[in-house]
Amino acid sequence: MSERLGSATLASARDAAARPAYDPASHGTGIVHLGIGAFHRAHQAVYTDDALAQAGGDWRILGVSLRSTGVVDALNAQDGLYTLLTRGSDGTTARIVGSIATAVAAARSGERLLVALQDPATKIVTLTVTEKAYGIDRAAGDVDEAHPAVAADLAAPGNPSGVLGLLVEGLRRRRLAGTAPFAVLSCDNLPENGKLLRMGVIAFARRARPRLADFIERRVSFPSSMVDRITPAAGDETLAEAERLTGLRDEAAIETEPFSQWVIEDRFPHGRPAWEAGGALFVDDVAPYEQMKLRMLNGAHSMLAYAGFLSGRGFVRDVMADPALALLVRRHMAAAAATLKPLSGIDRAAYAEDLLKRFSNPAIAHQTYQIAMDGTEKLPQRIAAPAIEALERGTPVRPFAFAAAMWMRYCLGRSEAGDTYALRDPREAAIASAVSSAGGDASVLAGALLALPDVFPERLRSDEAFRAPLVEILGRVMAEGVRPVVEAEARMVERRERG
Ligand code: CS2
């Protein structure tokens with residue numbers, strides 16, 4: 001058996017594997033990152049690795065896991081080192097990343113995490129915690145008091161374990177100690193993620209630490225950012241291939257695609273790593289980039305996840321190899337693009353073509369079931385927002401109604417063959433009761449799911465131009481099955497294209 005990856009064995013990694021072009025141990029920690037899953041390790045940690053190699057600085061990362069402890073133990077056993085596999089059409093390359101200094105599990109960190117948040121050396125807190133972890137009621141513009149972490153942290157703000165509670169307690173301690181606040185950088189797929197998080201942190205502080213709220217409002221920077229890199233969950237094959245390519249065993253190896261993009265608002269009052277070294281783009285306003293990515297990439301992803309999963313397509317690449325579904329993915333991207341304002345320097349048609357190629361990458365095993373998760377958290381920005389824009393602009397709405405109908409069919413929790421699957425959505429209970437109250441009637445089901453608070457805004461659910469095609473598609477799916485409807489929809493697109 002090979003030796004395990006770690007500082008002591010790093011030098012013995014095979015030459016084929018790239019290694020940090022700097023001495024990790026000689027750089028201090030300047031970032032606390034919340035949510036140390038595969039995506040962070042395939043994205044921000046890699047940009048930071050490039051920045052350390054090119055420009056140096058004390059910018060290594062203390063990675064925090066809010067839920068699992070497995071990744072923490074694996075990384076710490078390897079001195080924070082891990083292998084990133086990049087899978088492209090010309091094969092797989094391995095790179096050992098050195099930017100993570102250490103990892104902690106929030107649940108068992110005790111004071112350690114709060115001490116790190118308080119440390120003057122910490123200049124930035126970054127986050128990839130997924131949409132549902134924020135505990136923000138986006139429609140109300142407030143904290144979600146029913147969110148378990150928010151409720152727990154409001155009851156005991158000095159001993160927080162959730163996102164808002166940790167940030168507020170960290171900022172409170174810094175203020176008390178006379179330490180300048182850290183900048184907070186959200187890297188989740190949420191519209192204007194910095195603005196949103198700022199609102200949530202201030203609203204939480206107003207309840208838990210009223211005097212701190214004004215300070216946060218005045219002094220804390222929350223730049224927005226758009227992140228992009230398709231990163232499937234790592235599996236046994238990932239670890240096996242990392243070991244083959246590096247010659248070292250690695251329990252924290254991950255795999256990703258060659259493409260990577262990071263667009264960031266440059267508001268870091270106390271400095272930042274030279275992330276441009278890894279290709280990050282700094283702009284004044286991220287919103288148009290974010291909207292393009294959320295609607296064209298993530299929106300198409302959600303649509304194809306539901307339609308694909310229900311058609312028995314396990315991976316995104318299988319969906320793309322299915323001509324009818326691939327055509328509907330293309331249609332969806334075009335409809336999403338039509339809802340966007342022009343963005344200088346960006347050719348939307350070329351962007352869509354690139355997305356189609358990325359989705360088709362045969363080396364990436366990205367599960368449709370993984371993307372299908374947390375639909376109620378994703379659909380508002382991915383499907384509902386562009387649908388409203390389409391109604392206002394008079395551009396095609398049907399693709400969004402189609403996506404919503406597929407999600408609704410997915411909410412039944414049962415395949416046409418009769419197999420059940422878990423929805424994995426924070427609103428699972430509300431979805432289940434909507435489904436059972438509908439008793440198999442598509443129009444009642446659509447009404448009940450449209451009425452779930454904060455998923456489809458009133459403006460959309462009351463508009464017949466959206467609702468009618470949605471009910472029509474869902475009705476046919478429930479009566480005839482997913483496949484005939486997908487094929488009929490694709491034929492309709494073909495007929496339109498022929499003219
Ligand atoms: C996906 C994203 O799981 C999902 O919902 O749409 O994780 C997607 O792969 C990334 O945003 C790509 O950057």
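Values reported hereafter were calculated over all heavy atoms of this structure, with side chains retained and with hydrogens, waters and symmetry mates removed. Heads up: numbering here begins at 1 and tracks the sequence.
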**Request:** Kindly indicate, with the supporting measurements, whether the criterion salt bridge (Lys or Arg N to Asp or Glu O under 4.0 Å) is fulfilled by Asp463 and Arg459.
**Result:** CA-CA 7 Å; Asp463 197 318; Arg459 160 81 184 86; 3.0 Å; yes
**Request:** Could you check Asp153 against Ser161 for side-chain contact (heavy atoms from CB on, under 4.5 Å), going step by step and ending with a plain yes or no?
**Result:** CA-CA 7 Å; Asp153 291 354; Ser161 59; 3.7 Å; yes
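With a 6.0 Å radius and a threshold of 12 heavy atoms from other residues, nucleotides or ligands, Lys132 has its NZ atom above the threshold.
Exactly one of Thr92, Leu85, Thr83 qualifies for a side-chain contact (heavy atoms from CB on, under 4.5 Å) with Thr238. That residue is Leu85. None of Tyr421, Tyr410, Phe402 except one satisfies the ring pair (Phe, Tyr, Trp, His ring centres under 6.0 Å) rule with Tyr306; the exception is Tyr410.
Judged as a side-chain contact (heavy atoms from CB on, under 4.5 Å), and not counting sequence neighbours, the contacts of Arg476 are Arg398, Glu472, Glu480, Val485, Ala488. Residues forming a salt bridge (charged side-chain N to carboxylate O under 4.0 Å, His left out) with Asp354 (at least two apart in sequence, or on another chain): none. The salt bridge (charged side-chain N to carboxylate O under 4.0 Å, His left out) search around Arg87 returns Glu241, Glu255, not counting sequence neighbours. For Glu389, the salt bridge (charged side-chain N to carboxylate O under 4.0 Å, His left out) partners two or more places apart in sequence, or in a different chain, are Arg393. With sequence neighbours left out, the salt bridge (charged side-chain N to carboxylate O under 4.0 Å, His left out) criterion links Glu237 to Arg244. Listed by chain and number, the residues in a side chain to side chain donor-acceptor pair (under 3.5 Å) with Asp49 are Tyr22, Arg95 (sequence neighbours excluded). Among residues two or more places apart in sequence or in another chain, the side-chain contact (heavy atoms from CB on, under 4.5 Å) test is passed with Ala106 by Val64, Leu66, Leu113. In this structure, Phe204 has no ring pair (Phe, Tyr, Trp, His ring centres under 6.0 Å) partners at least two apart in sequence or on a different chain. Not counting sequence neighbours, the partners of Tyr47 by the ring pair (Phe, Tyr, Trp, His ring centres under 6.0 Å) test are His43, Trp262.
Heavy atoms only, all atoms of each residue included: Leu81 and Leu75 are closest at O-CD2, 4.1 Å. Contact record, Pro157 with Ala155: CD-C, 3.6 Å, taken as the closest heavy-atom pair. Trp407 and Gly375 get closest at one heavy-atom pair: NE1-CA, 4.0 Å. Here the shortest heavy-atom pairing between Ala94 and Thr246 reads CB-CG2, 4.3 Å.
Atoms CG and CD1, from Leu164 and Ile202 in turn, are 11.5 Å apart once rounded to the nearest 0.5 Å. Going from atom CD1 of Ile230 over to atom CG of Leu297 covers 5.5 Å, rounded to the nearest 0.5 Å. The OG atom of Ser65 lies 11.5 Å from the NE2 atom of His40; values are rounded to the nearest 0.5 Å. To the nearest 0.5 Å, atom CE of residue Met296 and atom CG of residue Leu355 are 6.0 Å apart. In this structure, CD1 on Ile473 lies 11.0 Å from CE on Met408, to the nearest 0.5 angstrom. In this structure, CD1 in Ile254 is found 5.0 Å from CG in Leu84, a value given to the nearest 0.5 Å.
When atom types are taken as modelled, the side chain of Glu416 and the backbone of Val482 share a donor-acceptor pair closer than 3.5 angstrom. Under a 3.5 Å cut-off, the side chain of Arg295 and the backbone N or O of Ala336 do not form any donor-acceptor pair. With hydrogens and angles disregarded, no donor-acceptor distance shorter than 3.5 Å links the side chain of Arg112 to the backbone of Ala105. A donor-acceptor distance shorter than 3.5 angstrom exists from the side chain of Arg229 to the backbone of Phe259, with no hydrogens or angles considered. The backbone N or O of Thr130 sits less than 3.5 Å from a side-chain atom of Asp188, completing a donor-acceptor pair. Between the side chain of Gln78 and the backbone N or O of Glu251, at least one donor-acceptor pair lies under 3.5 Å.
Proximity of Thr256 to Val46: side-chain heavy atoms (C-beta onward) are nowhere separated by under 4.5 Å. Residues Val263 and Lys293 have side chains not in contact (no heavy-atom distance under 4.5 Å, counting atoms from C-beta outward).
Judged as a side chain to side chain donor-acceptor pair (under 3.5 Å), not a single pair has a partner in residues 428-456 (not counting sequence neighbours). Among pairs with a residue in residues 362-389, those fulfilling ring-ring contact (aromatic ring centres under 6.0 Å, His included) read His301-His366, Phe309-Tyr369, at least two apart in sequence or across chains. Sorted by first then second residue, the side chain to side chain donor-acceptor pair (under 3.5 Å) pairs that include residues 312-337, not counting sequence neighbours, are Arg313-Asp322, Asp322-Arg483, Arg330-Glu353, Arg331-Glu489.
Look at Arg198 and Glu192 and you find no salt bridge, because none of the NZ, NE, NH1 or NH2 atoms lies under 4.0 Å from a carboxylate O. Between Arg108 and Asp73 a salt bridge is recorded (basic side-chain N to carboxylate O distance below 4.0 Å). For the pair Arg206 and Asp142, the salt-bridge criterion is not met [side-chain N within less than 4.0 Å of a carboxylate O].
Inspection of the Lys378 and Asn189 side chains reveals no N or O donor paired with an N or O acceptor under 3.5 Å. Looking at Gln44 and Thr126, their side chains never bring a donor and an acceptor atom within 3.5 Å of each other.
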